[in-house]
Amino acid sequence: MQRFGRRLQRSFFDRDVDEVARDLLGRVIAVDHAGLRVAVRLTEVEAYAGLEDPASHAFRGRTPRSSIMFGPAGHLYTYFVYGMHWCANIVAGPVGDASAVLLRAGEVVDGVDTARLRRSRVTRDTELARGPAGLATVLAFDASSNGTDLCRPDGEVALFTGEPPLASAVRIGPRVGVAAAAEIERRFWIEAEPSVSAFRAWTPRKRTAGPAAALRKR
DNA sequence: CCATTGATCGTCT
DNA sequence: GACGATCAATGGT
């Protein structure tokens, strides 16, 4: 789509994951699904640096879930969390590096009507793609999206150049909801963007399983 | 505005 | 068997 610039090539993703994450801000990810297009301008992302990063899904080596991360850059890595949400990453760096960028938030710039239908409980458009699960829902990402190549010229998922933000508008801080390596700053976002989710430091949760939960189920 | 919490299941130990 | 790269409803300030 000319409107959002050129489709990004594999070389864009095949670099240091922190650089890729930083450079993804302002880019536009477009998905054609069921004959409908939704496009999102990325405003918040997080880098996960493969085997060396305790917070990464690849930290403990290759598993069935993390196997896509060990493959070539520019492919989607989707995963299921908390028993109900899907989240999406883009694999970055050389093969075997197992790094990826979590797509945390964005602004819906095309297909707003479709996005509203997919997020029926959301009232404000700025919240349609706020948070990784909301963003994934708007773009119809799920198990079947895992491994999708963003760099195929005819692919139904694509990343376009868009318009990168001013360097002065980019902020860097700790990742959201991450217990491991909480001091590392690998979250990148665009300042003063209404679609960016609020920062929440990791906090221990009250027990949700155990005797009380078992009783509740009866 | 902010803090708390239930829902729900794939993944890995 | 425990827990998680979460969301949205709820209730208080």
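Everything quoted here is computed from the prediction, not taken from an experiment. Throughout, a chain's letter reflects where its sequence line sits, starting with A, and its residues are numbered from 1.
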Whole-Å distance, A:R187 CZ to C:dT6 P, equals 11 Å

* Does any donor atom in the side chain of A:S66 or A:T63 lie under 3.5 Å from an acceptor atom in the other side chain? -> yes

Between CG of A:L103 and P of C:dT6 the distance, given in whole Å, is 13 Å

Can you label the angle between the A:H57 ring and the A:Y77 ring as parallel, tilted or perpendicular, going by 30° and 60°? perpendicular

For B:dT8, the nucleotide meeting Watson-Crick or G-U wobble distances (both under 3.5 Å) is none

Side-chain contact check for A:R119: nearest option of C:dC7, B:dT8, C:dA5 is C:dC7

Rounded to whole Å, CZ of A:R104 lies from C1' of C:dC7 at a distance of 11 Å

Does the structure place the NZ or CZ of A:R10 under 6.0 Å from the centre of the six-membered ring of A:F13, at an angle of no more than 45° from the ring's axis?
no

Here the gap from A:Y79 atom OH to A:M69 atom CE, rounded to the nearest 0.5 Å, amounts to 9.5 Å

Between the protein and nucleotides 9-12 of chain C, which nitrogen or oxygen pairs are less than 3.5 angstrom apart?
none

Could you write out each protein N or O paired with an N or O of nucleotides 10-13 of chain B at a distance under 3.5 Å?
unit_1	atom_1	unit_2	atom_2	d
B:dC12	OP1	A:T63	OG1	2.2

message = Main chain of A:S168, side chain of A:R171: is a donor-acceptor contact present, judged purely on distance under 3.5 Å?
response = yes

Of the candidates C:dA5, C:dC7, C:dA8, the side chain of A:V122 sits closest to C:dA8

Scanning all shown strands, the Watson-Crick or wobble mate of C:dG11 with both distances under 3.5 Å is B:dC2

*Check the hydrophobic clustering (I, L, V, M, F, W, Y; side-chain heavy atoms under 4.5 Å; chains of links allowed) and say if A:V138 and A:M84 are grouped together.*
no

Practice task
Give a yes/no verdict on base stacking between B:dA7 and A:Y82: centres under 5.5 Å, planes within less than 30° of parallel.
Solution key: no

*Could you check whether A:R186 gets within reach of a base, just the sugar-phosphate, or nothing at all, counting any heavy atom under 4.0 Å?*
nothing

What contact category does A:A55 fall into here, base, sugar-phosphate, or nothing, at under 4.0 angstrom with non-hydrogen atoms?
base

- Polar side-chain atom of A:T78 near backbone of A:D142 as donor-acceptor pair, under 3.5 Å: yes

Taking atom types as modelled, is there a side-chain donor on A:T43 or A:S195 under 3.5 Å from an acceptor on the other?
yes

A:R118 atom CZ is separated from C:dC7 atom P, nearest whole Å, by 17 Å

To the nearest angstrom, the NE2-C1' distance between A:H85 and C:dC3 comes to 15 Å

Between OH of A:Y48 and C1' of C:dG4 the distance, given in whole Å, is 11 Å

To the nearest angstrom, the CH2-C1' distance between A:W86 and B:dC9 comes to 11 Å

A:F160 six-ring face occupied by A:R3 cation (under 6.0 Å, within 45°) | no

